[in-house]
Amino acid sequence: MKRIPDNIKKEIEKLVKELNFHCYRYYVLDSPVISDEEYDRLFRHLKELEGRHNYILPDSPTQRVGAPPLDKFVKVKHKEPMLSLDNALSEDEVREFDQRVKRFIKSDEEITYTIEPKYDGLAIELTYRNGIFFRASTRGDGYEGEDVTRNIKTIKAVPLKIEEVKTPEEIDIRGEVYMDIEDFEALNREREAHRESLFANPRNAAAGSIRQLDSSITSSRKLHVACYGTGAVKGIDFKNQWELIRWLKEARFPVPLNVKRAQGIEEAISAFKEIEETRKDFPFETDGAVIKVNEFRLQQMLGVKTREPRWAIAYKFPAHQGTTIIREIGASVGRTGVITPVAFLEPVGIGGVIVSRSTLHNWDEIQRKDIRAGDTVVVERAGDVIPHVVTVVKEKRTGKEKHFPPPRRCPSCNSIVEREEGGVAYRCIGLNCPAQVQERIKHYASRAAMDIEGLGEKNVELLYSKRLISSFLDVYKLKKEDLLELPRFADKSASNLIEAIERSKQTTLVRFLYSLGILHVGEYSAKLLAMNFRRLEDLYNVKTENVMNIKQMGEKIASSTARFFSDRENLRTLDAMKSLGLKISNPDYKGKKKEKRVLDGLTFVITGTLPKPRKEVEDLIERMGGHVAGSVSKSTDYLLLGKDPGSKVKKATSLGVKTLSYEAFLLKMIQKRV
Ligand code: IVH
């Protein structure tokens, strides 16, 4: 092996140190000292040097991303169990806790406590060996969790190396992974636009992001960590919690905001109240504060009950609750067609706000809590979240309460309502549903769909707000004069949009099917449909079984396709679109004639330049029953090599995927020896 020159080693070491420092300034202190561009420049330089000399330090920031997905998580035993906490719901319960502590250690002197916000996330353990980040694990059952090292590595605020302080031989640091409320909401908005299921709260979003087998997904989520404790420790001695927090801070770990120290329980209660007051300014969710006996010597003496330590308690913020009556239950249709049951309440003041509506989430929830119109219910308002029903006061039932079954028809457009397979949501499938029209048109006009330039998010919202589009069909009724009235349009841009709409009228069945936004029908399934149905009309009233007959077509897609084309209103809209000039050709149709499909079931990936246009080769493979994928994976059967093949070859070799030259491919196909 080639020796790496010392000056290069030094340069790499310096760059790693520098970049880690800037990472800390940016992600932990929120106060960068260099620009993002400068950071990127240094990062690229390091990456290039590492690649050239094959010298990568374990704490290099380049190692945070890029690990291949896992098949499953490995189990990790915690050296010290990860415990949970006892709750206190009132000042008196907190005072009782203080009494218990004093009784147990047989002392009536005032105890020193620390008070920290209780982060609502997912508990994790970070293990460092000789100062280098070694492993991260989830809490699991408290004794054994899962190895989530690669995922935690993507969180930039987690140091890859302990620097600047005395470094212990081995230390398990405990903390909470969480997501800010704003980032949680943005994530859900994005998921809604992609018709993915939503996270119920920031905690579930954080937990879901950490329990990802593919760390590139975790990396795309905005996660934070707050470190507040330790498990097993070797080679360093902390006297108390206050000192530990100070050490963690110096060692560049993110710690809880606003940690306070108090002399005696009354001071601790005041500190709790201060945290409660500032809580609304926290960007994350907290459901209380943790009061801990400060001295570790006393913690030792106090020890653990079964699952909770005697030296700490979670003092919960009072929930804002109230009791009222459900006047009526209704259903509201969201922008992506999800139908949500809503309770209209007898107005009631809760925590200084008048509440007259509350979400019932979904029909599973209604059933679980047995909520009926006319019921007396306890309603809770937590943070900024929409109020929800906690329980029904069943003793108050008169027998006149009414069940509220899921709707069969959309309350907004009267289309068919379907229950999402495997999910809890009911969804309206109406193409022309006014509640969904904006989202549907945004998708319809997007690049991969009908590609109508100028009909992006902003313009759809503008046209909708000016009532120029209130149904799906209205896109094809837009006139230049209408556009010219609007602030965002001048003569040229108005003409451009009208022309783009005109152009989109000549389309293919694949594109059109994808553009309709049928649940679960992506580009690939649209292609399968177009290959098997000659005309759009052939899909009208199609049955699930017919769609299922298509190879590689799953039941979920087949049934939502069938349901879409069983809705009469949808068919009427499609016909109306055709009468407005839409022309749909279908070059993908493979006909009924039986071709020799020698490539049936095989997946190909292409790399490099082929003697024929790539599109032609892809078509050939698909005509012969094969499938062309974009990247090499374990399920690839052959990598087809053109001239100047790329990095896919290396990937294929490492996965044991066979490679094939274009000539060999043709030959094998003729001889049917593939
Ligand atoms: S100390 C012995 N401090 O709350 C348990 N926990 O309900 C030590 N949590 O499992 C926990 N913020 O996941 C502690 N500042 C904080 C915390 C905190 C959030 C979580 C933690 C724990 C759960 C217990």
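Whatever order the structure lists ligands and atoms in, that order sets their numbers, starting from 1. Excluded from the calculations below are hydrogen atoms, water molecules and symmetry mates; all remaining heavy atoms, backbone and side chain alike, are included.
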| Sidechain-backbone polar pair: Asn151 side chain, Ile210 backbone, donor-acceptor under 3.5 Å | yes
| said: So Val379 and Val390, do their side chains get closer than 4.5 Å, heavy atoms only? | reply: no
| Residue among Arg310, Lys316, Arg307, Lys305 satisfying salt bridge (Lys or Arg N to Asp or Glu O under 4.0 Å) with Asp86 | Lys305
Write none if no such pair exists; otherwise list each N/O atom of ligand 1 with its protein N/O partner under 3.5 Å and the distance.
from, atom 1, to, atom 2, distance (Å)
ligand 1, 3 (N), Lys292, NZ, 3.1
ligand 1, 4 (O), Lys118, NZ, 3.4
ligand 1, 7 (O), Lys118, NZ, 3.4
ligand 1, 12 (N), Tyr119, N, 3.0
ligand 1, 13 (O), Glu176, OE1, 2.5
ligand 1, 13 (O), Glu176, OE2, 3.4
ligand 1, 13 (O), Tyr228, OH, 3.3
ligand 1, 15 (N), Glu116, OE1, 2.8
ligand 1, 15 (N), Pro117, O, 3.2

| Pair listing, salt bridge (charged side-chain N to carboxylate O under 4.0 Å, His left out) test, anchored in residues 345-365, at least two apart | Arg327-Glu346, Asp364-Arg419, Glu365-Arg368, Glu365-Lys369
| query | Do Glu285 and Arg203 touch side chain to side chain, with heavy atoms closer than 4.5 Å? | reply | no
| said: Is it the case that the side chains of Gln241 and Glu116 hold a donor-acceptor pair, with the cut-off being a distance below 3.5 Å and no angle test? | reply: yes
